[in-house]
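Here the structure is laid out as structure tokens; the discussion comes afterwards.
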Amino acid sequence: MPRKIAAGNWKMNGTRAALTQLEGIAATHADCDVLVCPPFTLIGPAVDTAQNRVMIGAQDCHTQTNGAHTGDVSAAMVKDLGASHVIVGHSERRSDHGETNEMVMAKAQAVLTAGMVPVICVGETLTEREAGETLAVVETQVAGSVPHDATVVIAYEPVWAIGTGLTPTIDQIAQVHDALRAQVIAMIPGGDIPLLYGGSVKATNATEIFAVGNVNGALVGGASLKADDFAPIIAALSAS
Ligand code: 13P
């Protein structure tokens, strides 16, 4: 069985005051892996606060280790702070920064080279879903942006479900995750990598989502910012 992971993506939220929420998350009992990805500015303090009770990750990195890239941050730099994971290819990076599958692949490879785990995000837009292209879009993104490495994590995040309160039906989540599992088994020896669902996961829908075969956890945005919201999601995954 793949590892179960409750992952929080804090996006561009949080100053040092948010470390009290991380303390609450770290104090939560978990029978699963827990990962929190704060903004770059909080990674060092978050590693200190977490004290290895939860894992800390970044939300992006550059493809290169160092060099003349003003404002960018490399995988080696966040590894040096104690990060274990880096989210790459989030839909907000793909849309806000024009990241292509090739760029996401290069970032994922940089994360692996630095000795960390890339959490690679894929997912269709509403237009693509309505055109019946969901599986084709996701398959193309996985083929183009996921290295053939048994340590990677994939997060399926339908773009239209992110931050909207909308979620696919359980059958729709199952359909994509089953297709993802088949694809990764063919791509990666063993194929036993965690497949996370992301997009409006909250305490009220976590249990039914975690009951779906081939869902091995969640990548949570808004509901990971407060310990009181994230703790029940961690509990639901632990009980699944
Ligand atoms: P929400 O949980 O806020 O919908 O965000 C999901 C997400 O984008 C996690 O990476």
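Heavy atoms only: backbone and side chains are in, while hydrogens, waters and symmetry mates are out.
The shortest heavy-atom contact between Pro189 and Ala150 is O-CB, 4.3 Å. The two residues Val34 and Phe230 come nearest to each other via the heavy atoms CG1-CE2, 4.2 Å. When all heavy atoms of Ile234 and Ala30 are compared, the pair lying nearest together is CG2-CB, 3.6 Å. Scanning both residues, Pro147 and Ile188, for their nearest heavy atoms gives O-CD1, 4.0 Å. Between Val117 and Thr151, the closest heavy-atom pair is CG1-O, 3.2 Å. For the residue pair Pro39 and Gly14, the shortest heavy atom distance occurs at CG-O, 4.0 Å.
No side-chain donor from either of Asp171 and Thr169 sits under 3.5 Å from a side-chain acceptor of the other. A donor and an acceptor atom, one from each side chain of Thr125 and Glu128, are located under 3.5 Å apart. Inspection of the Tyr156 and Glu124 side chains reveals an N or O donor paired with an N or O acceptor under 3.5 Å.
For the pair Lys4 and Pro194, the minimum side-chain heavy-atom distance is 4.5 Å or more. Looking only at side-chain heavy atoms (C-beta outward), Met187 and Asp149 stay at 4.5 Å or farther from each other. Here the side chains of Asp192 and Met1 are not in contact, with every heavy-atom distance at 4.5 Å or above. Within the 4.5 Å cutoff, side-chain heavy atoms of Pro45 are placed close to those of Leu19. Between Asn9 and Val220 the shortest side-chain heavy-atom distance does not fall below 4.5 Å. Inter-residue side-chain proximity for Ile56 and Val54 is flagged as met; some heavy-atom pair is nearer than 4.5 Å. Looking at heavy atoms from C-beta onward, Ile162 lies in side-chain contact with Ser91 at the 4.5 angstrom threshold. Contact annotation: the side chain of Asp80 never approaches that of Met77 to less than 4.5 Å [non-hydrogen atoms, C-beta and beyond].
A salt bridge is defined here as a Lys NZ or Arg NE, NH1 or NH2 lying under 4.0 Å from an Asp or Glu carboxylate O, and Lys107 with Glu102 fails to meet this definition. Look at Arg94 and Glu99 and you find no salt bridge, because none of the NZ, NE, NH1 or NH2 atoms lies under 4.0 Å from a carboxylate O.
No single ILVMFWY cluster, assembled from side-chain heavy atoms under 4.5 Å apart, contains both Met105 and Met116. Note: the hydrophobic cluster containing Val201 also contains Val176 (ILVMFWY, side chain heavy atoms under 4.5 Å, direct or indirect links). Leu237 and Leu219 fall into different hydrophobic clusters, where Ile, Leu, Val, Met, Phe, Trp and Tyr side chains are chained together by heavy-atom contacts under 4.5 Å. Leu112 and Val184 end up in the same hydrophobic cluster when Ile, Leu, Val, Met, Phe, Trp and Tyr side chains are linked at under 4.5 Å. Side-chain heavy atoms closer than 4.5 Å link hydrophobic residues (I, L, V, M, F, W, Y) into clusters, and following such links, possibly through other members, connects Val104 to Val146.
Asp178 places no side-chain N or O within 3.5 Å of a backbone atom of Gln175 that could act as its donor or acceptor partner. Of the possible donor and acceptor atoms, none in the side chain of Ser145 sits under 3.5 Å from a partner among the backbone N and O of Asn101. Side-chain atoms of Ser200 do not come within 3.5 Å of backbone N or O of Thr167 as any donor-acceptor pair. No donor-acceptor pair closer than 3.5 Å links the side chain of Trp10 to the backbone N or O of Gly221.
In this structure, Tyr197 and His177 have tilted ring planes: the angle between them lies in the 30° to 60° band.
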Could you go step by step and tell me if Gln21 and Lys226 meet the side chain to side chain contact (heavy atoms under 4.5 Å, CB included) rule?
CA-CA 6 Å; Gln21 297 303 322; Lys226 296 266 182 292; 3.9 Å; yes
Steps toward side chain to side chain contact (heavy atoms under 4.5 Å, CB included) verdict (Val119, His90)
CA-CA 9 Å; Val119 179; His90 191 281; over 6 Å; no
Evaluation steps, side chain to side chain contact (heavy atoms under 4.5 Å, CB included), between Leu180 and Asn214:
CA-CA 8 Å; Leu180 275 172; Asn214 288 318; over 6 Å; no
Between Glu92 and Ile87, does the side chain to side chain contact (heavy atoms under 4.5 Å, CB included) criterion hold? Intermediate values first, please.
CA-CA 11 Å; Glu92 290 152 14; Ile87 298 169; over 6 Å; no
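To the nearest 0.5 Å, the span separating CG on Leu196 from CD1 on Ile5 amounts to 5.5 Å. Atom-to-atom distance recorded for Ile25:CD1 and Asp229:CG is 9.5 Å, nearest 0.5 angstrom. Note that the OG atom of Ser84 and the CE atom of Met55 stand 5.0 Å from one another [nearest 0.5 Å]. In this structure, Glu139 CD and Thr134 OG1 are separated by 12.5 Å, a value rounded to the nearest 0.5 Å. Expressed to the nearest 0.5 Å, how far CD1 of Ile43 lies from NZ of Lys79 amounts to 13.0 Å. Here the straight-line distance linking atom CD of Gln59 with atom CZ of Phe40 works out to 7.5 Å at 0.5 Å rounding.
The local environment of CG in Asp228 is sparse, with at most 12 non-hydrogen atoms from other residues, nucleotides or ligands closer than 6.0 Å. Around atom CZ of Arg53, more than 12 heavy atoms belonging to other residues, nucleotides or ligands sit under 6.0 Å away. Around CG of Asn52, the count of heavy atoms belonging to other residues, nucleotides or ligands within 6.0 Å does not exceed 12.
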